[in-house]
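Just below is one structure, and these are the notes that go with it.
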There are 4 protein chains.
Amino acid sequence: MTLRKRLATKSLTPRKSPRQTRAEGTVAAIVEAAAHILERRGFEGFNTNAVAEKAGVSIGSLYQYFPNKDALLSALIAREAAPLLAVEKELAGIAGSRAAFQRYVIAGIQYQMRRPQLARLIDTAEKADTFSDQVMGTVTRLRAVVEKILDLKDAPIVLDKAVAAADVVAITRSLIDAAGERDKTDVDRLRRRVEGAIWGYLTSG
Amino acid sequence: MTLRKRLATKSLTPRKSPRQTRAEGTVAAIVEAAAHILERRGFEGFNTNAVAEKAGVSIGSLYQYFPNKDALLSALIAREAAPLLAVEKELAGIAGSRAAFQRYVIAGIQYQMRRPQLARLIDTAEKADTFSDQVMGTVTRLRAVVEKILDLKDAPIVLDKAVAAADVVAITRSLIDAAGERDKTDVDRLRRRVEGAIWGYLTSG
Amino acid sequence: MTLRKRLATKSLTPRKSPRQTRAEGTVAAIVEAAAHILERRGFEGFNTNAVAEKAGVSIGSLYQYFPNKDALLSALIAREAAPLLAVEKELAGIAGSRAAFQRYVIAGIQYQMRRPQLARLIDTAEKADTFSDQVMGTVTRLRAVVEKILDLKDAPIVLDKAVAAADVVAITRSLIDAAGERDKTDVDRLRRRVEGAIWGYLTSG
Amino acid sequence: MTLRKRLATKSLTPRKSPRQTRAEGTVAAIVEAAAHILERRGFEGFNTNAVAEKAGVSIGSLYQYFPNKDALLSALIAREAAPLLAVEKELAGIAGSRAAFQRYVIAGIQYQMRRPQLARLIDTAEKADTFSDQVMGTVTRLRAVVEKILDLKDAPIVLDKAVAAADVVAITRSLIDAAGERDKTDVDRLRRRVEGAIWGYLTSG
DNA sequence: TATGAATGAGTCTTCATTCAT
DNA sequence: GATGAATGAAGACTCATTCAT
């Protein structure tokens with residue numbers, strides 16, 4: 001995407017909502033193909049033609065559902081962020097901040113461990129541009145979750161909840177990523193390390 | 001970079017060392033232009049023509065000194081990583097691990113604060129690929145520094161120093177990055193937050 | 001083609017087979033344009049942009065069907081070699097080696113006379129490289145034809161049929177080329193000269 | 001060389017005649033470097049910078065002696081053609097056409113066997129363009145030699161000596177080339193094959 | 001609606017040649 | 001004279017996107 005193009009502010013919303021089941025399947029196939037290509041070939045190999053081919057759809061069809069490449073990536077990000085909704089809901093029922101953070105960390109680990117490459121690339125993509133504003137991505141979602149935890153009565157007191165939430169999310173991601181790079185899968189130890197860093201951060205102020 | 005290209009293992013070392021003073025200036029101008037373009041336009045806008053133009057040299061000159069685009073990026077990474085050498089040396093004279101970590105965190109903050117965008121993008125680039133093997137980048141360097149600190153007598157005891165070092169670096173970067181995204185510049189408070197996270201992490205095992 | 005590139009062994013097979021009739025026309029137009037450009041401008045002027053323009057298609061279309069420049073040249077060679085298949089079949093029905101050689105020489109003359117420049121350039125290209133292995137070109141085909149003739153009962157006896165066949169093809173081509181350079185078209189006289197050389201060669205051992 | 005450039009009719013004569021011995025050495029080194037590069041890398045890798053480097057001279061110096069790339073190639077062709085002068089002289093003393101042809105064939109074999117790759121490439125280059133007119137190359141020279149042989153009293157009578165000479169040269173080259181491609185070095189057998197083809201050709205009219 | 005053929009701006013890279021030092 | 005830094009036109013190739021069928 002060139003600078004000029006980026007400034008033109010393209011719509012990132014799907015071009016048409018699929019009402020028929022067949023179309024839904026097509027859209028899902030395209031998004032999964034996008035995930036697949038991104039995982040295997042990285043951003044370099046992530047192009048719409050490859051995605052269409054992998055999805056078993058014509059390039060024309062792809063553009064029938066997504067107005068442009070960014071919209072496709074956007075949809076993928078949204079799809080990946082979706083499971084985190086579950087955590088949001090679940091956390092509503094947890095009273096203690098310690099337990100809540102534990103649940104949050106576990107969710108984060110599970111999320112990132114399932115498709116590590118993909119998680120990391122989406123992370124990068126989210127940082128890279130535009131999306132943050134228009135799409136409610138993983139990071140935004142996680143920050144909201146953490147902010148809620150910090151609202152709990154027994155949570156550590158911090159100066160700025162937004163900052164703290166952002167930092168906690170950043171720490172969590174970076175440690176899980178680092179573990180992912182090492183192909184480590186000792187989830188329990190990882191969880192304790194992450195929690196240690198979070199509490200250290202929250203109680204150091 | 002396509003897959004095929006990546007497999008071809010391009011050289012990342014400069015094509016020719018400048019012998020005349022004029023040439024040295026050219027090389028420096030090109031690298032600085034690369035930094036500038038990367039900062040302002042991101043990876044999307046980072047193309048060799050733009051760099052050459054910004055540097056005020058012809059595209060041919062760029063390719064006299066850098067065999068390909070990656071080599072240019074590589075040189076930029078190396079240039080940015082250089083200042084961190086200073087810390088490595090300085091740290092040799094510090095005995096206490098607490099003080100050492102403090103110095104390390106400060107160095108990291110200073111490094112990333114100077115050109116936050118650039119630092120973050122280089123971070124991404126380093127993660128992205130190939131370089132890690134061929135270029136001794138910032139991250140590798142910083143990990144070595146932290147490992148040395150962990151070797152100090154009064155340092156917290158950790159199970160695996162390599163893992164701990166990688167994690168400490170990851171935490172540090174992510175927190176400083178997060179601060180950078182927010183355009184925060186309260187260095188002192190940031191420093192304390194980072195140190196808190198580090199110590200929390202190191203003493204939680 | 002640089003050394004590095006050559007080692008990378010590019011595919012010379014068409015990228016995608018045209019499924020629609022329109023596409024078939026495009027492919028044919030591109031190959032014919034390639035022939036045309038090669039004839040008129042030689043290898044120096046043979047570039048993909050010129051070919052695309054001459055074919056009246058966009059450069060993108062050219063690359064939809066041919067993965068690279070060599071593949072295009074390869075396709076052209078194959079196209080030119082095709083008519084020689086006819087001779088192969090026809091020769092099956094001829095018993096005497098003398099008559100067979102006569103037919104072979106006539107075919108060669110006709111082939112090369114139709115588009116002399118093109119024939120000569122393709123000849124050069126085939127010699128030049130890579131193709132020989134991957135593409136069954138004119139020369140290979142002709143050698144096979146001659147070997148078959150040498151298998152006939154009344155054919156002159158030679159020490160090494162492969163060598164003799166290669167030599168006969170070489171002589172034929174060189175004489176017809178030489179005539180082509182002079183723009184001579186006295187086919188009959190040329191034919192007799194070629195046959196004389198061939199028989200002289202074959203019976204001199 | 002683009003079409004436009006070719007039409008501009010560049011001078012192919014060396015830019016300045018070296019009077020000092022050092023300069024002569026330089027010129028010789030450049031031409032030999034050109035031969036070397038052409039042999040190892042073919043036309044694709046034959047570029048002035050490579051030649052200069054191989055010659056151990058700066059690119060500037062190369063252009064001091066040769067006004068352009070073609071002039072360099074031209075000089076190389078001339079150099080390679082030179083040894084054939086010896087044959088021309090020697091042939092003056094031979095009376096019988098049979099012996100003369102034998103001597104001619106031997107010379108041709110020796111010439112082409114010494115540096116087969118180079119000989120073949122120069123052959124191609126000579127055919128390719130422009131040079132033929134301005135430079136007295138190998139082929140032209142050989143044709144003159146053969147024409148002289150055909151002038152001998154006992155030589156076979158041919159309709160058109162120029163044509164016959166061209167054809168004899170063509171046959172000779174093609175057979176030796178073919179042998180060269182096969183890496184055959186049985187010079188004597190090759191010589192007999194070539195002579196057979198020549199006599200067959202000359203006596204078939 | 002689906003298809004896939006076609007487009008062409010944009011990017012990397014090379015290399016013959018010039019010219020200031 | 002020699003050097004090598006600098007130039008930039010030219011060429012191979014990609015890929016997001018459009019549109020006729």
Side-chain angles (χ1 to χ4, degrees), chain A residues 1-2 4-5 16 20 22-23 26 44-53 57-70 72, chain B residues 1-2 5 16 18-27 46-50 52 56-70 72, chain C residues 1-2 5 16 18-27 46-50 52 57-70 72, chain D residues 1-2 4-5 16 18 20 22-23 26 44-53 57-70 72:
Chain A
M1 193 169 47
T2 62
R4 191 150 43 103
K5 278 188 190 167
K16 65 182 166 193
Q20 303 157 10
R22 184 158 61 117
T26 304
E44 289 291 341
F46 181 66
N47 62 275
T48 53
N49 289 289
V51 170
E53 192 187 9
V57 206
S58 71
I59 183 67
S61 288
L62 190 153
Y63 275 88
Q64 210 118 52
Y65 293 107
F66 302 96
N68 54 54
K69 197 186 177 186
D70 278 3
L72 173 57
Chain B
M1 195 166 43
T2 62
K5 277 188 192 165
K16 133 206 293 191
R19 296 188 191 169
Q20 298 176 10
T21 329
R22 180 167 51 136
E24 274 174 43
T26 301
V27 168
F46 182 67
N47 62 274
T48 52
N49 293 296
V57 299
S58 70
I59 185 66
S61 286
L62 189 154
Y63 278 92
Q64 288 243 329
Y65 298 105
F66 303 97
N68 51 57
K69 197 185 174 185
D70 278 2
L72 173 57
Chain C
M1 198 167 39
T2 62
K5 277 188 192 166
K16 136 204 290 193
R19 295 188 191 171
Q20 297 176 8
T21 328
R22 181 167 52 137
E24 275 174 43
T26 302
V27 169
F46 182 66
N47 62 272
T48 53
N49 292 295
V57 299
S58 70
I59 184 67
S61 285
L62 190 154
Y63 278 94
Q64 288 244 330
Y65 298 104
F66 303 97
N68 52 57
K69 198 185 173 186
D70 279 1
L72 173 57
Chain D
M1 193 169 47
T2 62
R4 193 150 42 103
K5 278 187 190 168
K16 65 181 164 194
Q20 303 158 10
R22 182 159 62 117
T26 303
E44 290 290 342
F46 181 66
N47 63 274
T48 52
N49 289 289
V51 170
E53 191 188 9
V57 206
S58 71
I59 182 66
S61 289
L62 188 153
Y63 275 88
Q64 210 117 53
Y65 293 107
F66 302 95
N68 54 54
K69 196 186 177 185
D70 278 3
L72 173 57

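Note on naming: letters A, B, ... go to the chains in the order of the sequence lines (proteins, then strands), and numbering restarts at 1 for each one.
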Q: Establish, with yes or no, whether the OP1 or OP2 oxygen of dA16(E) is under 4.0 angstrom from a side-chain nitrogen or oxygen of Thr48(D).
A: yes

(Q) Using whole Å, what does the distance between atom P of nucleotide dT3(F) and atom CD of Glu53(D) come to? (A) 13 Å

**Q.** Contacts of type side chain to side chain donor-acceptor pair (under 3.5 Å), residue Thr26(C), not counting sequence neighbours
**A.** none

**Q.** Spacing of Asn47(B) atom CG relative to dA9(E) atom C1', expressed in whole Å
**A.** 13 Å

(Q) Rounded to whole Å, please give me the gap between CG in Asp70(A) and C1' in dC15(F). (A) 14 Å

Q) Side-chain N or O of Gln64(A) less than 4.0 angstrom from OP1 or OP2 on dA2(E)? A) yes

Q: Take Gly60(A) and Ala50(C), find for each the nucleotide of DNA chain F with the closest heavy atom, and name the residue whose nucleotide sits nearer the 5' end.
A: Ala50(C)

Q: Tell me, please, which residues at least two apart from Tyr63(B) pass side-chain contact (heavy atoms from CB on, under 4.5 Å).
A: Arg15(B), Thr48(B), Ile59(B)

Q.
Please classify the nucleic acid contact of Asn49(A) as base, sugar-phosphate, or nothing, using heavy-atom distances under 4.0 Å.
A. base

Q: May I ask you to evaluate whether Ser61(D) reaches the phosphate of dG1(F), defined as a side-chain N or O under 4.0 Å from OP1 or OP2?
A: no

Q. Would you say Ser58(C) reaches dT7(E)'s phosphate, i.e. side-chain N/O to OP1/OP2 under 4.0 Å?
A. yes

**Q.** Structure string for DNA chain E in dot-bracket form, Watson-Crick and G-U at under 3.5 Å, | interchain
**A.** .||||||||||||||||||||

Q: Determine: side-chain N/O of Asn68(B) to OP1/OP2 of dT13(E), distance under 4.0 Å, yes or no.
A: no

Q: Looking only at side-chain atoms of Ile59(D), point me to the closest of dC12(E), dA6(F), dT17(E).
A: dT17(E)

Q) Looking at Gly45(D) and Ala50(D), what are the two nearest heavy atoms and their distance? A) O-CB, 4.2 Å

Q) Does Tyr63(B) put a side-chain nitrogen or oxygen below 4.0 Å from OP1 or OP2 of dT13(E)? A) yes

Q: Mind checking side-chain contact (heavy atoms from CB on, under 4.5 Å) for Asn68(B) and listing every partner two or more places apart, or none if nothing turns up?
A: Lys10(B), Leu12(B), Asp70(B), Ala71(B)

Q: Taking only the side-chain nitrogens and oxygens of Tyr65(D), find out if one of them lies under 4.0 Å from OP1 or OP2 of dA2(F).
A: yes

**Q.** Closest to side chain of Val57(D), choosing from dA16(E), dT17(F), dT3(F)
**A.** dT3(F)

Q: Let me know the distance between CG of Leu72(A) and C1' of dT17(F), rounded to the nearest Å.
A: 14 Å

Q. How many angstroms lie between atom CG of Asn47(A) and atom CD of Glu53(A), to the nearest 0.5 angstrom?
A. 9.5 Å

Q.
Can you measure Leu62(D) atom CG to dG1(F) atom P for me and round it to whole angstrom units?
A. 15 Å

Q.
Just the rounded figure in Å: distance from C1' of dC12(E) to CZ of Phe66(B).
A. 16 Å

(Q) Within the structure provided, determine whether Leu72(D) and Tyr65(D) are in side-chain contact (heavy-atom separation under 4.5 Å). (A) no

